[in-house]
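Remarks on the structure that follows.
A note on names: the letters A, B, ... follow the listed sequences, proteins ahead of strands, and every chain is numbered from 1. Treat the numbers as computed from the prediction; the structure is a model and nothing was measured.
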Amino acid sequence: MPATAFTRRVLAVLARIPPGRVLTYGDLARLAGRPGAARAAGNIMRTASVPGLPYHRVVAAGGRVGGYGSAPRLKADLLAAEGLRIRGRRILNFKERRLKATAGTPPASKSLN
DNA sequence: AGTTTGACAGCAC
DNA sequence: TGTGCTGCCAAAC
């Protein structure tokens, strides 16, 4: 179990990221209720002990892949396997694959995906 | 309880 | 494009 509510929220949001879609650390933090806590979110990803979560779907801002413990390349591979076009440390179709950060209840206007 | 540590973000060069 | 610096925050020391 997560130590704090923030951590729990972060993991909850993480768990609902659909395959093929990504979220930035900043988005994740914002959705978890701590805007600007992107760095802290990354720390949580790093120390999270909950298995089965799509940690690789959390990327850095600007379409950068970001880190992944000692295997950042694996992260890129996993993302590529889900349809993202990757070039080095960058996600080419980032804008298409980025999950819009809808906090809480969306107005239900456009069909997501 | 104070300090250090990053799987970050954004901007200046 | 890429590199470096500053600001931020929760966790680990």
With a 4.0 Å cutoff (strictly under), does any side-chain N or O of R30(A) reach OP1 or OP2 of dA9(B)? no
Close side-chain approach of R57(A) and P19(A), heavy atoms under 4.5 Å: yes
To the nearest angstrom, how far is R90(A) atom CZ from dT1(C) atom C1'? 6 Å
Any T7(A) side-chain N or O less than 4.0 Å from OP1/OP2 of dA11(C): yes
Just the rounded figure in Å: distance from P of dC9(C) to CZ of R9(A). 16 Å
On DNA chain C, check which nucleotide each of P35(A) and R46(A) is closest to and give me the residue with the more 5' one. P35(A)
Look at the side chain of Y55(A) and decide which nucleotide, out of dA10(C), dC8(B), dA7(B), has an atom nearest to it. dA7(B)
Between P on dA7(B) and CG on L74(A), what's the gap in Å once rounded to a whole number? 16 Å
Gap between atoms CG and P, on N43(A) and dA12(C) respectively (whole Å): 8 Å
Spacing of L14(A) atom CG relative to dA7(B) atom C1', expressed in whole Å: 12 Å
Measure from the side chain of R39(A), starting at C-beta and using heavy atoms only, and say which of dC8(C), dA7(B), dA10(C) lies closest. dC8(C)
If we only count heavy atoms from C-beta on, is the V59(A) to Y68(A) side-chain gap below 4.5 Å? no
Take T47(A) and G36(A), find for each the nucleotide of DNA chain C with the closest heavy atom, and name the residue whose nucleotide sits nearer the 5' end. G36(A)
Are L84(A) and N93(A) close enough that some pair of their side-chain heavy atoms sits under 4.5 Å apart? yes
Euclidean distance, atom CZ of residue F94(A) to atom C1' of dC8(B) [Å, nearest integer]: 13 Å
Less than 4.0 angstrom between a side-chain N/O of R34(A) and OP1 or OP2 of dA10(C), yes or no? yes
Do the non-hydrogen side-chain atoms of L28(A) and M45(A) ever get within less than 4.5 Å of each other? yes
Under 4.0 Å, heavy atoms only, any strand: does Y25(A) hit a base, just the sugar-phosphate, or nothing? base
Grab the CZ-C1' distance between R89(A) and dT3(C) for me, whole Å please. 12 Å
With respect to the phosphate group of dC8(B), does any side-chain polar atom (N or O) of T24(A) fall under 4.0 Å of OP1 or OP2? no
Y68(A) side-chain proximity, nearest of dA7(B), dC8(B), dC9(C): dA7(B)
What is the nucleic acid contact for A37(A), judged by heavy atoms within less than 4.0 Å: base, sugar-phosphate only, or nothing? sugar-phosphate
Donor-acceptor contact below 3.5 Å, side chain R30(A) vs main chain P35(A): no
Can you check the D27(A) CG to dC8(C) C1' distance for me, whole Å? 16 Å
